[in-house]
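Since the structure is predicted, the reported quantities are computational estimates derived from the model, not experimental observations.
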Amino acid sequence: MLDQKFIRENPKSVEENLSLRGKVYNISQIHELTVKKKDIDVEISSLQSDSKKLSKLIGQEIRKSQSDNSLELISLKKKGNEYRIKISELEEKQRILGQEINNQISNLPNFPSKDAPIGKDESNNIQVKTWGDPFIGDNLKSHWEIGENLNLFDSINSTKISKSRFITLIGNGARLERALINFMLDEHTKNGYLELMPPALVNSESLKGSGQLPKFSNESFKCSNDDLWLSPTAEVPLTAFHKNEIIDCNQLPLKYVAYSPCFRREAGSYGKDTKGLIRLHQFNKVELYWFCEPSQSLEAHKKITSDAESILKKLNLPYRLVDICTGDLGFSSSRTFDLEVWLPSSKCYREISSCSNCLDFQARRSSIRTKIDKKNIYLHTLNGSGLAIGRTMAAILENGQQKDGSVRIPDALIPYFGSNFLKTA
RNA sequence: GGAGAGGUGGCUGAGUGGUUGAAAGCGGCUCCCUGCUAAGGAGUUACAGGAGGUAACUUUUGUCGAGGGUUCGAAUCCCUCCCUCUCCGCCA
């Protein structure tokens, strides 16, 4: 959420900043509404002040005269009644305006960072660095072929259970998934993160708080009988964990790691990644999340990204770091670094982690603050996948594939998985 | 799902229509006293918004779970909702 006062006082600057996203934003209407609302706020405030004084006077008169229906009192009460009518009329206008403003501002994305590369879509993203040597060879199998050969997961039967884009992990596939979750959680907790296991169902407020609502209601699953949604990412419950709080600045930064199942409708992605583990309605993810003081967030962004990278390094998976351009930034983010893992079968890098600095955008929506120098200021929030489990499995299968059809398990994972190769049973 | 109880400031806890933004206590902060510590004394101590000021600050409004209503005036009366707790039932 952008600051309403800032919009009122700097409409031009708001438009310029938002337009970096490669789309024209016209906020003249919102601006006009905020100005109008301010005038009404001031008028109401002054009428209320008068009305309040009158009420006190009436109270004093009643006590003094021991009667509450003298001619003078009746006239004073009548005047009070006029105040009430006038104020309630204005309040109605104020309410409608406030709602409209809120509605419109909720649909505005965050300002892109000045440091983010300017561009209109993902073709303008910038590769910052690569790590490891991409595995290139002939006759390399896709992870879904490997999965089928080794009987690691099943999508056919899963459509019977649910529908397409669901998967059932089987035997060593399920075991590998579990090993990856435990491995990542252990690595991050060793690294100073506090583990949380939040609810998978979240209410509308929480989705608004992190930016998924109101604009992207189409992208999450909703429960029909309750105000609850299946969480699309642990970022949602983690943000909401501290909703409406003022956090002691001595406790900052707060660093959380959470495993959670994630649910996404993937509307509009028909025909994309229909095979394998890349794009599912339900997937597992280990998420990193920071709450920090504004002055720390640039540093925190580097740290959260390198914490996510450390997992890829330990798993010995080649990857690259991409600086997302202004036109490709997510709604809540001001700057995002994507980590993309090498997938030999498709000879390209695929997103496996997205590390974003949301500045105070989510904190303002969720009202999460801290007190610095006696002033309440909104915190900065950062999130990063550390990592998406399904895509990590896909990468391990493809990058670890051997000529004999087996898959080599990365050394770091062996203690968790229990053996060093995946073979046919 | 059935029955009951309850939601007040950082915490405990008073408060059923009129200077109550809210007693009292605890905690926090400032100052005083004291050789140190302990104890004692005085004061102070919520959040959000608006207006004015470069600022320190001044002023004003709203907020006693949330939203409505009654009234000149609501923490207090009425309605709706949410949440918490206890007991029973059901259940991983």
Exercise. How far, in whole Å, is C78(B) from A24(B) if one measures between their P atoms?
Worked result: 29 Å
Problem set entry | Rounded P spacing from C33(B) to G41(B) in Å | 16 Å
For this session: May I ask you to verify if any side-chain N or O of K52(A) is less than 4.0 angstrom from the OP1 or OP2 atom of G62(B)?
Result: yes
Exercise. Contact class for K38(A) (heavy atom, under 4.0 Å): base, sugar-phosphate, or nothing?
Worked result: sugar-phosphate
Seminar exercise, completed: Considering only heavy side-chain atoms of V42(A), the closest of C72(B), G50(B), U19(B) is G50(B)
For this session: Between G21(B) and A56(B), how far apart are the P atoms? Round to whole Å, please.
Result: 27 Å
Problem set entry | Aromatic ring proximity Y256(A)/F241(A), centre distance under 6.0 Å | yes
Exercise. Once you round it to whole Å, what is the distance between P of C83(B) and CG of L228(A)?
Worked result: 10 Å
For this session: For N81(A), report the nucleic acid contact type (base, sugar-phosphate, nothing); a contact means any heavy atom under 4.0 Å.
Result: sugar-phosphate
Problem set entry | Range-with-range stems for RNA chain B, at least three Watson-Crick or G-U pairs under 3.5 Å | B:1-7 with B:82-88, B:10-12 with B:24-26, B:27-32 with B:40-45, B:46-52 with B:57-63, B:65-69 with B:77-81
Exercise. Is the gap between the ring centers of F331(A) and F361(A) under 6.0 Å?
Worked result: yes
Exercise. Where does the angle between the aromatic ring planes of F111(A) and F6(A) fall among parallel (under 30°), tilted (30 to 60°) and perpendicular (over 60°)?
Worked result: perpendicular
Problem set entry | Spacing of the C1' atoms in A46(B) and A22(B) (rounded, Å) | 11 Å
Exercise. Are there more than 12 heavy atoms of other residues, nucleotides or ligands under 6.0 Å from atom CD of E122(A)?
Worked result: no
Between protein and nucleic acid, restricted to nucleotides 44-47 of chain B and to nitrogen or oxygen atoms under 3.5 Å apart, what atom pairs and distances do you find?
from	atom 1	to	atom 2	distance (Å)
C47(B)	OP1	K371(A)	NZ	2.5
C47(B)	O3'	N376(A)	ND2	3.1

Problem set entry | Partner of M1(A) under side-chain contact (heavy atoms from CB on, under 4.5 Å), chosen from D360(A), L108(A), N102(A) | N102(A)
Problem set entry | Test item: side-chain donor near acceptor, S332(A) and N110(A), under 3.5 Å | no
Seminar exercise, completed: Here the distance between atom P of C72(B) and atom CD of E61(A), to the nearest Å, is 17 Å
Exercise. Atom NZ of K243(A) to atom C1' of A66(B): distance rounded to whole Å?
Worked result: 13 Å
For this session: Among G18(B), U19(B), G50(B), find the nucleotide with the atom closest to the side chain of S55(A).
Result: G18(B)
For this session: State whether S45(A) places a side-chain N or O below 4.0 Å from either non-bridging phosphate oxygen (OP1 or OP2) of U60(B).
Result: no
Exercise. Between G18(B), C72(B), G50(B), which nucleotide gets closest to the side-chain atoms of I62(A)?
Worked result: G18(B)
Exercise. If we take the C1' atom in both G7(B) and A66(B), what is their distance in whole Å?
Worked result: 11 Å
Exercise. Do you see a donor-acceptor pair shorter than 3.5 Å between the side chains of S210(A) and E235(A)?
Worked result: no
Problem set entry | Between R84(A) and N81(A): side-chain donor-acceptor atoms closer than 3.5 Å | yes
For this session: Decide if atom NZ of K243(A) counts as having more than 12 heavy atoms of other residues, nucleotides or ligands within a radius under 6.0 Å.
Result: yes
Exercise. Rounding to the closest angstrom, what is the interatomic distance between G68(B) and U12(B) at atom P?
Worked result: 28 Å
Exercise. What integer distance in Å separates Q4(A):CD from A48(B):C1'?
Worked result: 13 Å
Exercise. G62(B) C1' sits how many Å from Q94(A) CD, rounded?
Worked result: 10 Å
Problem set entry | Along RNA chain B (nearest heavy atom to each residue), the more 5'-positioned of I44(A) and G80(A) | I44(A)
Exercise. Whole Å only: how far is the CG atom of L97(A) from the C1' atom of G49(B)?
Worked result: 16 Å
For this session: Check every atom of U61(B), U19(B), C72(B) against the side chain of Q48(A) and return the nucleotide holding the closest atom.
Result: U61(B)
For this session: To the nearest Å, give me how far apart CG (N244(A)) and P (U63(B)) are.
Result: 18 Å
Exercise. Among pairs that include at least one residue of residues 102-117 of chain A, which meet salt bridge (Lys or Arg N to Asp or Glu O under 4.0 Å), considering only residues two or more places apart or in two chains?
Worked result: none
Exercise. What distance, rounded to whole Å, do you find between the two P atoms, one in A3(B) and one in A92(B)?
Worked result: 25 Å
Exercise. Checking all strands, does L76(A) fall into the base, sugar-phosphate, or nothing category for heavy-atom contacts under 4.0 angstrom?
Worked result: nothing
Seminar exercise, completed: Residue pair S51(A)/S46(A) against RNA chain B: nearer the 5' end by closest nucleotide is S46(A)
Problem set entry | Euclidean distance, atom CZ of residue F6(A) to atom C1' of G49(B) [Å, nearest integer] | 19 Å
Exercise. P atom, A48(B) versus C64(B): distance in rounded Å?
Worked result: 16 Å
For this session: For Y416(A) and D186(A), test the side chains for any donor-to-acceptor distance below 3.5 angstrom and give the result as yes or no.
Result: yes
For this session: Tell me what K79(A) touches on the nucleic acid: a base, only sugar-phosphate, or nothing, going by heavy atoms under 4.0 Å.
Result: nothing
For this session: Have a look at R165(A) and tell me which of S158(A), S269(A), S155(A) forms a side-chain contact (heavy atoms from CB on, under 4.5 Å) with it.
Result: S269(A)
For this session: Looking only at side-chain atoms of R8(A), point me to the closest of U19(B), G50(B), U71(B).
Result: G50(B)
